[in-house]
Structures are given as C-alpha cells and as structure tokens.
Amino acid sequence: MQIITDDTPIQPSDRAFNYGDGVFTTLCIENSRPQLLSFHINRLIYDASAIGITLDETALEQAIVDFATKQVPNNVSTQSKCTKLVLKVHVSAGIGGRGYARDDESVPQVRFSIHPYPVHYAALAEQGMALICAETALAIQPLLAGVKHMNRLEQVLIKREIKASGADDAIVCDTQDHVVESSIGNVFFYANSTWYTPSLKGSGVNGVVRQCLIQALLNDNQALNVGEYELSDLAKAECVVVTNALMGVMPVNAITFPNASIVRYQVDSEPQQELARHLRKHL
C-alpha cells in the first residue's frame, strides 16, 4: 500500500483511472479531527476487500490522522471561518495491466485530497431538502451492493436529472422499483413509531452514518426495520431524512413523486432530532 497526495500525477495505467478499479470514502474533518473515523476505516477495508484490494488498516488509519492534524490546518483559513473541511480518501488498485486483469505486482495507491465543506448545508438543515424521484434506476449487482466503488456513472446521470429539475436531491430506486438511497446519501423514514431504511441487498452504498445509526438504534432497543420499500411507503411516512458523513442527518421537507403529487414532511421533528442525537454521540 502506497500513500500519495493529490498533487501526485495520475499514471496513464492507473487502474482507477482506466476501469474505476478502486473505492473511496469522504470524511468530515472538524478542528483537525476526522469524524466517524473507525466507521470510515472499516468501510475502506471492507469495500477494498470486496473487489480484491488488500489494505494495511493500522497504517491507513495513522496516515489519515497524520494528514488531518498536519495538513488540514493549512487549509482552514481559506474556508471563511468554517472549522470543517472535507477529506477524500481515494484507493486505487494500483498501476498496471492494459486489460481488465490486474498485474500481480500492482500496489494499491491511497490518495488524499482536501476540499471545502459545503456551506449551503447549514441552510438545508434549517429548511429541509426538496427531493424528486429519479427516473434513472440503479442496476442490481449483489457482489457490489453496499460498496462505495468508483464506478459512479449512474450517479452522474441522476445528478443531471436533479440539476434539470432544480431540486436539492433525488430518491433513487433500483430496477425492481425498490427504494435504495438518495443520490448523495442513505434514506431513513419514520412511520408508526418506527424507523425504516432500505436493505441495500442488490445495490446502493452502505454509508458510515447509516451504519452508525443502525447500530445506535439497535443498541437502544428502538424500533427499526431494514427491508425492501417502495415509493408508496415514503409517501405515507411522517418524517424522511437523508444521511451522509458530511451532512449528518438532513431533513427532507418535500418529495415530488412520479405522478407529480407532492408530499410534505415535518422538518425538525422529534424523531429526527432523536436520530441526530444518536449520531452526535459518535462524532
């Protein structure tokens, strides 16, 4: 495993560049401290293993901590007093192999890059997100389900829909019409005193906040169902949130469904606040 920085040139034979042969995660860094670090490390190790990449867990974690404490502070002054930054950890299977097969000597490359924290998230947290339902469906591939791999063309297509609609984000289903996630995070919805979230058996990304919240809800013996749901289930929900490592627990204020009907949801509801409290315990 080789740690490289963002200014290291990408080689023409890099497997992530050629085939999307790699995985990644995006961390929120606040006051030089990586949030949910153990969840991110576990995700990188699991996702890399799922596509046959072996990483040194101890060295990877130490490199992230060192980068956050030594390199991130140099970038804070450019963030308009924002103490948060975004650290992207990009893992390539390495260099070599003209075709799909990897060279036996390929060494995984781990690249770090720093980005501004999305300043518009604060406003979204207050007003909630307005979502559409994407026409683009996610393909079902159980071997890659849950993995945050680098093959993201489906999300590129979905983002085009979102931009054209003027919405904040989109609910995304698979080719069997089951709700999977949003374009940027996982989905939880609340109904009948119970939280629900899609199972991700066939597609989607098993986000670190999703993992954290499922663990927290189960540990507190709170009602949670993980299963297969359709858009009609979202339409009957009392509360809907989108979760990811940067936005945390983001409320949804409205969803426009394929039949053009609009369902509005309460923002800053007690169930949503409780879910956010569960997350803050782990930050």
Side-chain angles (χ1 to χ4, degrees), residues 1-79 82-97 102-118 144 146-152 184-185 205-212 215 243-248 279 282-283:
M1 185 182 82
Q2 180 185 14
I3 306 292
I4 59 179
T5 56
D6 196 35
D7 57 359
T8 304
I10 297 174
Q11 300 298 315
S13 56
D14 183 283
R15 295 195 57 80
F17 174 74
N18 281 285
Y19 308 114
D21 189 2
V23 298
F24 69 101
T25 196
T26 307
L27 298 87
C28 181
I29 307 294
E30 185 167 19
N31 296 320
S32 300
R33 187 177 66 85
Q35 296 183 344
L36 299 172
L37 180 57
S38 63
F39 287 94
H40 283 286
I41 294 297
N42 290 338
R43 166 212 254 157
L44 284 169
I45 298 300
Y46 177 88
D47 288 1
S49 176
I51 62 171
I53 299 174
T54 301
L55 299 175
D56 184 327
E57 180 175 350
T58 301
L60 178 61
E61 181 171 358
Q62 190 60 55
I64 291 174
V65 171
D66 289 346
F67 190 84
T69 55
K70 296 176 182 177
Q71 301 296 327
V72 169
N74 297 329
N75 293 272
V76 171
S77 61
T78 66
Q79 304 306 311
C82 181
T83 60
K84 294 182 179 181
L85 288 167
V86 177
L87 170 61
K88 184 172 183 179
V89 181
H90 172 291
V91 179
S92 168
I95 307 299
R102 295 176 190 156
D103 283 349
D104 292 338
E105 304 302 319
S106 294
V107 177
Q109 291 190 337
V110 180
R111 181 185 298 263
F112 297 151
S113 60
I114 290 292
H115 309 273
Y117 184 82
L144 296 175
V147 176
K148 196 167 187 179
H149 53 75
M150 293 182 185
N151 296 274
R152 296 286 121 196
I184 58 174
V205 173
N206 187 15
V208 295
V209 174
R210 177 183 186 271
Q211 296 176 42
C212 177
Q215 183 182 106
T243 65
N244 72 24
L246 300 183
M247 61 173 50
L279 178 60
H282 292 83
L283 295 181

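A quick note: this is a predicted structure, and the numbers were derived from the prediction, not measured.
Put simply, CG on L44 and NE2 on H90 are 11.5 Å apart, with the number rounded to the nearest 0.5 Å. Note that CG of D66 and CD of E61 are 10.5 Å apart. Values are rounded to the nearest 0.5 Å. Remark: H149 NE2 to D21 CG distance equals 11.5 Å, nearest 0.5 Å. Taken to the nearest 0.5 Å, the CD1 atom of I184 stands 9.0 Å off from the CG atom of L246. Interatomic distance, CE of M1 versus CG of L55, reported as 6.0 Å (0.5 Å rounding).
The shortest side-chain heavy-atom distance between I51 and L144 falls under the 4.5 Å cut-off. Proximity of K148 to V23: side-chain heavy atoms (C-beta onward) are nowhere separated by under 4.5 Å. Side-chain atoms of V89 and F24, non-hydrogen and from C-beta on, never get closer than 4.5 Å to each other. Proximity of I64 to I41: side-chain heavy atoms (C-beta onward) are separated by under 4.5 Å at one or more points. Side chains of L36 and L27 form no contact here, defined as non-hydrogen atoms less than 4.5 Å apart. Contact check for I114 versus L87: side-chain heavy atoms found under the 4.5 Å cut-off.
Between the side chain of R102 and the main chain of R15, no donor-acceptor pair closer than 3.5 Å is present. R111 places a side-chain N or O within 3.5 Å of a backbone atom of T8 that can act as its donor or acceptor partner. Put simply, the side chain of S106 gets close to the backbone of I95: a donor and an acceptor are under 3.5 Å apart. In this structure a side-chain-to-backbone donor-acceptor pair under 3.5 Å is missing from D103 to E105. Distance alone, capped at 3.5 Å, places no donor-acceptor pair between the Y117 side chain and the I29 backbone. Under a 3.5 Å cut-off, the side chain of N244 and the backbone N or O of M247 do form a donor-acceptor pair.
The side chain to side chain donor-acceptor pair (under 3.5 Å) pairs that include a residue from residues 50-59 number zero, where partners must be two or more places apart or lie in different chains. The salt bridge (charged side-chain N to carboxylate O under 4.0 Å, His left out) analysis of residues 32-43, with sequence neighbours excluded, yields the pairs R43-D47.
Counted within 6.0 Å of CZ on F17, heavy atoms from surrounding residues, nucleotides or ligands total 12 or fewer; the atom is thus considered open. Within a 6.0 Å radius of CG in D7, more than 12 heavy atoms belonging to other residues, nucleotides or ligands are found.
Minimum heavy-atom separation, I53 to S92: CD1-C, 4.4 Å. Residues N151 and G20 share a closest heavy-atom pair of ND2-O, 3.2 Å. Considering all non-hydrogen atoms of both residues, S113 and D6 come closest at CB-CG, 3.5 Å. What you find for V147 and R152 is that their closest heavy atoms are O-NH2, 3.4 Å. The two residues M150 and V91 come nearest to each other via the heavy atoms CE-O, 3.1 Å. Minimum heavy-atom separation, P118 to V86: CD-CG2, 4.1 Å.
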